[in-house]
Amino acid sequence: MTGFSGEEHEGLQEQTRALAGRQVSSRELVERSLRRIEATQPTLNAFRRVRAEAALREAEAADRRLAAGERAPLLGVPVAVKDDMDVAGEPTAFGCPGDFPAKKADSEAVRRLRAAGAVIVGKTNTPELGQWPVTDGPAFGVTRNPWSLRHTPGGSSGGSAAAVAAGLVPAALGSDGAGSIRIPAAWTHLVGIKPQRGRISTWPQRESFRGITADGPFARTVGDAALLLHVASGSHEGDLHRPPAVDILAAAGHGPRRRLRIALSLRPAFAAVRHWLDPAVRTATLRIAERLEVLGHEVVEEDPRYGPIGLAFVPRSMAGVRDWSARVPDRAALDPRTHANVRGGLLLGGGLLRAARAAEAPLRRRIGEMFWRFDAVLTPTTAVPPLRTGDLAGLGGRETNSRMIAACPYAWPWNVLGWPALSVPSGLTEAGLPMGAQLLGPSNSEPLLISLAAQLEADRRWYELRPLPGDPAK
């Protein structure tokens with residue numbers, strides 16, 4: 001075994017190859033990950049739970065398996081998961097205060113990560129029940145962006161994004177119910193994938209947040225994100241949504257096999273909130289469109305026919321908050337905005353909730369018409385660069401909703417449809433803050449979106465940009 005430098009083997013695939021080649025041990029990688037978590041926790045605060053002792057035991061077991069010649073896709077690699085996923089022996093608090101019981105079993109997604117050999121080093125922070133595009137709360141404090149401690153990494157999977165962007169782990173899982181993977185991916189200069197609904201099982205829940213939430217990966221590169229998505233994918237027999245298998249890994253290895261026709265859309269769906277697109281985000285998105293044309297694709301300005309899609313989103317979202325709040329041991333300690341959303345879930349239940357779900361199929365047909373003429377849609381991931389920490393703290397429910405919808409109006413419609421979407425880095429502002437562009441596709445289109453993102457990555461080489469030395473991540 002050769003000597004090991006702390007700056008080597010940063011990526012998921014790099015670590016897997018290094019472990020298989022006995023260039024580094026799992027214990028060394030896990031120890032480094034734990035050291036970085038400990039060093040950055042007072043500043044970044046990416047983790048709610050750190051499994052230091054358990055992770056080291058699992059790393060030693062992985063080293064014994066590797067020494068015996070065993071191979072698995074992620075054998076011995078440290079990764080993290082969001083704290084809305086069950087890890088045996090750990091509580092699942094989903095950003096809430098209170099004394100939650102330890103879970104007796106892994107969720108299906110975590111079980112699949114373990115089956116691939118991954119070592120789960122911890123559970124990452126998320127705002128209360130994943131409701132906001134920032135990651136802070138009285139239960140754990142403020143999670144900060146590795147690119148600027150004055151800014152949020154986004155939410156609700158902000159802890160996972162911060163952990164990957166800071167190099168604490170090479171990749172992590174998050175969940176996305178209204179952009180909660182794509183928004184923090186954009187604001188931390190990462191690749192984030194919201195796959196087809198059901199691609200990654202949400203078991204022990206048959207579906208998450210009435211079907212609008214999907215689990216997916218964060219990584220620095222398309223290949224790493226595709227690998228994590230590949231190993232976590234698969235259905236449980238109890239899942240309500242079980243999409244057909246697609247070849248995710250092969251797609252990450254090449255660009256599209258043909259010239260694509262891509263719709264460029266800068267207009268979000270109607271949400272009764274005034275929309276303003278930051279000039280820096282607009283310019284960055286147009287630059288991505290220009291690069292796609294240079295790469296041989298046709299880009300045409302056209303907006304999806306969203307129609308009344310917001311009416312199909314809100315009842316399901318609030319019903320999800322209402323459902324999850326019943327698991328909280330001390331509901332009196334929840335944020336007043338959570339209580340308001342729980343009441344909204346009650347008011348919008350019953351017939352309104354059934355109507356919202358029934359609207360999904362007509363909306364798919366309406367919006368899906370554009371995929372007769374286009375292969376994918378390009379939009380900004382968010383309307384603005386990262387918000388400052390505390391921007392949404394202490395606000396009432398209505399003002400919070402208005403501000404977050406204005407900042408993040410582009411992601412949530414694809415949660416209603418259940419179709420794949422991903423965010424890729426689109427550049428940095430003059431102040432050095434990350435921005436993202438979103439690629440959207442029809443049902444089960446992950447291979448096409450991933451291959452297109454891989455082609456862009458080869459051209460843009462965004463993985464070469466990292467938070468500056470001297471930042472708290474280093």
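The figures that follow rest on heavy atoms only: side chains count, while hydrogens, waters and symmetry mates do not.
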Would you check, one step at a time, whether the test side chain to side chain donor-acceptor pair (under 3.5 Å) holds for Thr135 with Thr143? CA-CA 6 Å; Thr135 300; Thr143 298; 5.5 Å; no
side-chain contact (heavy atoms from CB on, under 4.5 Å) for Asp459 and Leu295? Distances and angles first, verdict last. CA-CA 8 Å; Asp459 177 69; Leu295 292 169; 4.2 Å; yes
Are Arg365 and Glu369 close enough, and set up right, to give a salt bridge (Lys or Arg N to Asp or Glu O under 4.0 Å), and what steps lead you there? CA-CA 6 Å; Arg365 290 192 294 270; Glu369 288 177 357; over 6 Å; no
Between Lys103 and Glu90, does a salt bridge (Lys or Arg N to Asp or Glu O under 4.0 Å) hold up when you go through it step by step? CA-CA 6 Å; Lys103 293 294 182 178; Glu90 301 290 341; over 6 Å; no
Before giving the answer on side-chain contact (heavy atoms from CB on, under 4.5 Å), spell out for Val377 and Phe371 the whole-Å C-alpha distance, their side-chain angles and the decisive distance to 0.1 Å. CA-CA 9 Å; Val377 179; Phe371 292 109; 3.9 Å; yes
Is there a side-chain contact (heavy atoms from CB on, under 4.5 Å) between Leu353 and Leu348 once you walk through the steps? CA-CA 6 Å; Leu353 179 59; Leu348 298 177; over 6 Å; no
Go through Glu302 and Arg373 one step at a time and tell me if the side-chain contact (heavy atoms from CB on, under 4.5 Å) criterion holds. CA-CA 11 Å; Glu302 184 161 335; Arg373 293 171 290 111; 2.8 Å; yes
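For the pair Ile367/Leu417, a side-chain contact is recorded, criterion being any heavy-atom separation below 4.5 Å from C-beta on. Using a 4.5 Å heavy-atom threshold, the side chains of Pro170 and Gln13 count as separate. Taking 4.5 Å as the limit, some side-chain heavy atom of His189 sits within range of a side-chain heavy atom of Leu465. Inter-residue side-chain proximity for Leu452 and Leu439 is flagged as met; some heavy-atom pair is nearer than 4.5 Å. Within the 4.5 Å cutoff, the side chain of Thr285 has no heavy atoms near those of the Thr379 side chain. For the pair Leu173/Leu228, a side-chain contact is recorded, criterion being any heavy-atom separation below 4.5 Å from C-beta on. With a 4.5 Å cut-off on side-chain heavy atoms, Gln196 and Ser443 count as touching. Residues Val191 and Ser423 form no side-chain contact, since every pair of their non-hydrogen atoms from C-beta on lies 4.5 Å or further apart.
Listed here is the closest heavy atom pair of Ala162 and Pro146: O-CG, 3.5 Å. Nearest approach of Asp83 to Gly95, heavy atoms of both residues: OD2-N, 4.4 Å. For Leu129 against Cys96, the heavy-atom pair with the smallest separation is CD2-SG, 3.5 Å. Shortest non-hydrogen contact noted between Trp419 and Lys194 is O-NZ, 2.6 Å. Heavy-atom minimum distance, Ala269 versus Ile309: CB-CG2, 3.9 Å. When all heavy atoms of Asp239 and Gly234 are compared, the pair lying nearest together is OD2-O, 4.4 Å.
Residues Asn145 and Thr152 have side chains that never bring a donor and an acceptor to within less than 3.5 angstrom of each other. Ser233 and Arg199 share no donor-acceptor pair across their side chains, judged by distance under 3.5 Å alone. Side chains of Ser180 and Lys82: no donor on one and acceptor on the other come within 3.5 Å. Ser208 and Thr202 form no side-chain donor-acceptor contact under 3.5 Å, judged by distance and modelled atom types alone.
One N or O on the side chain of Ser325 and one on the backbone of Arg322 form a donor-acceptor pair closer than 3.5 Å. In this structure a side-chain-to-backbone donor-acceptor pair under 3.5 Å is present from Arg206 to Gly238. At least one donor-acceptor pair under 3.5 Å links the side chain of Thr188 to the backbone N or O of Pro184. In this structure, the side chain of Glu457 does not engage the main chain of Ala453 through any donor-acceptor pair within 3.5 Å. A donor-acceptor pair under 3.5 Å links the side-chain atoms of Arg460 to the main chain of Ser426, judged by distance alone. Here the side chain of Ser445 pairs no donor or acceptor atom with the backbone of Leu448 at under 3.5 angstrom. Remark: the backbone N or O of Phe209 is not paired with any side-chain donor or acceptor of Asp323 at under 3.5 angstrom. A donor-acceptor pair under 3.5 Å links the side-chain atoms of Asp176 to the main chain of Gly179, judged by distance alone. Panel note: side chain Thr429, backbone Leu433; a donor-acceptor pair is recorded below 3.5 Å. Without hydrogens or angle criteria, Trp132 side chain to Ala393 main chain gives no donor-acceptor distance under 3.5 Å.
Annotation: the span from Arg316 atom CZ to Leu352 atom CG amounts to 14.0 Å, rounded to 0.5 Å. Rounding to the nearest 0.5 angstrom, the gap separating the CG atom in Asp215 from the OG atom in Ser175 is 5.5 Å. Between the CZ atom of Phe270 and the CG atom of Leu311 there is a distance of 9.0 Å, given to the nearest 0.5 Å. Taking CG of Asp335 as the reference point, atom CD of Glu128 lies at 5.0 Å (rounded to 0.5 Å). A distance of 9.5 Å separates OG in Ser157 from CD1 in Ile183, rounded to the nearest 0.5 Å. Atom CG of Leu264 sits about 5.5 Å away from atom CG of Leu378, to the nearest 0.5 Å.
Annotation: cation-pi pair Arg261/Phe374 present, NZ/CZ under 6.0 Å from the ring centroid and within 45° of its normal.
Salt bridge absent: Arg287 and Glu290 never bring a charged side-chain N and a carboxylate O closer than 4.0 Å.
With sequence neighbours excluded, the residues satisfying ring pair (Phe, Tyr, Trp, His ring centres under 6.0 Å) with His275 are Tyr410. Scanning for ring pair (Phe, Tyr, Trp, His ring centres under 6.0 Å) contacts around Phe94 gives Trp324, with sequence neighbours left out.
Residue pairs meeting the salt bridge (Lys or Arg N to Asp or Glu O under 4.0 Å) criterion with at least one member in residues 398-409, sequence neighbours excluded, are Glu399-Arg403.
Outside the 6.0 Å centre-distance limit, the rings of Trp187 and His151 are not counted as a close aromatic pair.
A side chain to side chain donor-acceptor pair (under 3.5 Å) with Asp375 is found for exactly one of His297, Arg258, Arg259, namely Arg258. Partner Arg182 forms a side chain to side chain donor-acceptor pair (under 3.5 Å) with one of Asn415, Thr382, Thr381 and no other, that one being Asn415. With Arg197 as reference, Glu360 is the one residue of Glu446, Glu360, Glu207 to meet the salt bridge (charged side-chain N to carboxylate O under 4.0 Å, His left out) rule.
Environment of CD in Glu464: crowded, with over 12 heavy atoms of neighbouring residues, nucleotides or ligands closer than 6.0 Å. Within a 6.0 Å radius of CD in Glu293, more than 12 heavy atoms belonging to other residues, nucleotides or ligands are found.
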